[in-house]
Every structure is written in C-alpha cells, then in structure tokens.
Amino acid sequence: MPLEPRESDLPRVRGALRFYKVASIITGVMLLLLCLEMIVKYGLGYELELGGPYGVLAFVPRDTAVAVNLSTGILIAHGWFYVVYLFSDFRLWSLMRWPFWKFLLIAAGGIVPLLSFFLEARIGREVTSYLERRTAASSPSVEATTA
C-alpha cells in the first residue's frame with residue numbers, strides 16, 4: 001500500500017504546491033534564458049553586456065565585456081533558482097510521501113529545457129485532484145447530515 005500524506009499535513013501540501021508552481025515557472029524561464037545565452041555565447045561568440053561603452057544593453061564579443069556581464073548573471077541566477085526549485089521539490093515530495101524516483105523526475109525539470117512547464121502542470125493536477133478526493137472523503141455527505 002503506497003504512503004499517503006498525513007491529515008495534519010494537508011494544509012501544508014497546498015502551500016507547498018503553490019511554492020512549487022512558482023519555483024517551477026521561474027526555473028523554467030531561467031533555464032530557457034540560459035539555453036539562449038549558451039547558443040549566443042558558444043554558437044555566435046557574443047555575450048550580453050549591461051551598461052558598457054556600446055550602450056545600455058549590447059552584445060559584445062566573447063570575453064570582452066567591461067561592464068556588467070549579463071551572460072554570467074543569467075548563469076548564476078539560474079543556479080540559485082534551481083536550488084530554490086529543488087527545495088520546493090523536496091518539500092512537496094516529502095509532504096506527499098512519494099517514492100524517491102518521483103523526486104528525481106521533478107528535479108530533472110530544472111535541467112531539461114521545457115520539462116519544468118510540463119511537470120508543473122502534471123504535478124499540479126495530480127496534487128489538486130488528490131486533495132479534492134481527500135477532502136471529499138473526509139467531509140460528511142449531505143445525505144448523512146440530513147438523515
């Protein structure tokens with residue numbers, strides 16, 4: 001018999017799901033930016049510079065940025081958002097008491113482009129329907145209260 005969340009954890013599951021959804025979208029967007037940045041940097045040989053001599057925002061040849069290097073900033077920001085995403089994944093996974101492979105699957109959403117968007121929708125539906133079933137099962141039916 002698979003483990004299920006404890007009754008006392010159900011309100012925390014709702015909060016963990018909201019946190020996971022936000023972290024998933026932010027991480028997915030940052031990963032797409034990172035992929036685009038890698039194509040521009042290694043494929044085309046340019047980096048994105050903020051506030052340099054070529055203007056407020058400009059592409060400059062690789063390794064020549066003299067102002068704020070946004071290409072490096074995107075890399076660092078994605079790394080930190082991925083840590084937040086892993087925390088949200090762990091929190092939801094532990095409250096739902098899922099098997100470990102599911103934790104790994106959700107964690108892959110932050111390193112496989114576009115996967116976080118699909119997983120966010122799928123996991124969101126799965127947890128929401130589970131919470132609705134649990135709420136319906138625990139609340140007394142209308143017929144039982146009128147009898």
Side-chain angles (χ1 to χ4, degrees), residues 1-140:
M1 178 160 132
L3 294 175
E4 292 190 0
R6 295 176 188 91
E7 188 73 32
S8 61
D9 286 339
L10 292 182
R12 293 188 338 187
V13 169
R14 288 180 180 85
L17 180 61
R18 277 191 303 274
F19 182 48
Y20 166 73
K21 285 181 170 186
V22 170
S24 178
I25 291 170
I26 292 172
T27 302
V29 169
M30 292 303 297
L31 181 58
L32 290 177
L33 282 174
L34 179 62
C35 289
L36 183 62
E37 185 271 329
M38 295 296 229
I39 290 169
V40 170
K41 183 175 183 177
Y42 297 110
L44 303 175
Y46 290 99
E47 290 181 322
L48 191 57
E49 180 183 54
L50 175 68
Y54 297 107
V56 176
L57 196 61
F59 285 107
V60 296
R62 199 167 123 195
D63 299 327
T64 63
V66 293
V68 177
N69 187 340
L70 282 183
S71 295
T72 304
I74 291 169
L75 177 71
I76 293 168
H78 169 69
W80 281 107
F81 277 115
Y82 184 64
V83 171
V84 172
Y85 176 75
L86 282 178
F87 176 74
S88 71
D89 172 17
F90 177 78
R91 185 169 174 230
L92 184 62
W93 168 78
S94 63
L95 287 172
M96 289 299 293
R97 302 176 80 185
W98 284 329
F100 187 66
W101 66 265
K102 200 157 196 171
F103 172 80
L104 295 176
L105 173 69
I106 298 171
I111 55 176
V112 177
L114 300 175
L115 184 60
S116 68
F117 300 113
F118 294 109
L119 286 175
E120 183 269 331
R122 181 174 173 247
I123 297 295
R125 279 192 311 267
E126 182 179 336
V127 172
T128 302
S129 66
Y130 175 80
L131 291 173
E132 289 171 355
R133 282 194 317 269
R134 241 347 242 271
T135 302
S138 66
S139 64

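A heavy-atom distance below 4.5 Å is not found between the side chains of Tyr82 and Met30. In this structure, Leu33 and His78 have side chains that are not in contact, with every pair of non-hydrogen atoms separated by 4.5 Å or more. Side chains of Val84 and Phe19 form a contact here, defined as non-hydrogen atoms less than 4.5 Å apart.
Under the rule for a side chain to side chain contact (heavy atoms under 4.5 Å, CB included), Ile39 has no partner lying at least two apart in sequence or in another chain. For Arg6, the salt bridge (Lys or Arg N to Asp or Glu O under 4.0 Å) criterion is met by Asp9, not counting sequence neighbours. Judged as a ring pair (Phe, Tyr, Trp, His ring centres under 6.0 Å), and not counting sequence neighbours, the contacts of Phe103 are Trp93, Phe100. Take Thr72 and apply the side chain to side chain donor-acceptor pair (under 3.5 Å) test, not counting sequence neighbours, and it matches Asn69. By the side chain to side chain donor-acceptor pair (under 3.5 Å) test, Ser129 is found to be paired with no residue, residues two or more places apart in sequence or in another chain being considered. In this structure Lys41 satisfies the salt bridge (Lys or Arg N to Asp or Glu O under 4.0 Å) test together with Glu47, sequence neighbours excluded.
Note that the CG atom of Leu31 and the OG1 atom of Thr27 stand 8.5 Å from one another [nearest 0.5 Å].
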Kindly list each side-chain donor-acceptor pair under 3.5 angstrom involving residues 85-92, sequence neighbours excluded, with atom names and distances?
residue: Tyr85; atom: OH; partner: Ile106; partner atom: O; Å: 2.6
residue: Ser88; atom: OG; partner: Tyr85; partner atom: O; Å: 2.8
residue: Asp89; atom: OD2; partner: Ala107; partner atom: N; Å: 3.2

Could you give the side-chain donor-acceptor pairs of residues 48-57 under 3.5 Å, partners two or more places apart or in another chain?
residue: Glu49; atom: OE2; partner: Val66; partner atom: N; Å: 2.7
residue: Glu49; atom: OE2; partner: Ala67; partner atom: N; Å: 3.0

Donor-acceptor pairs are to be reported for all side-chain atoms of residues 108-125 against protein atoms at under 3.5 Å, with residues two or more places apart or in another chain.
residue: Ser116; atom: OG; partner: Ser24; partner atom: O; Å: 3.4

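Salt-bridge formation is detected for the pair Lys102/Glu126: a Lys NZ or Arg NE/NH1/NH2 atom is positioned less than 4.0 Å from an Asp or Glu carboxylate oxygen.
Atom OH of Tyr130 is surrounded by more than 12 heavy atoms from other residues, nucleotides or ligands within 6.0 Å.
Each salt bridge (Lys or Arg N to Asp or Glu O under 4.0 Å) pair with one or both residues in residues 17-40, not counting sequence neighbours, would appear here, but there are none.
Shortest non-hydrogen contact noted between Arg134 and Leu10 is CG-CD1, 4.0 Å.
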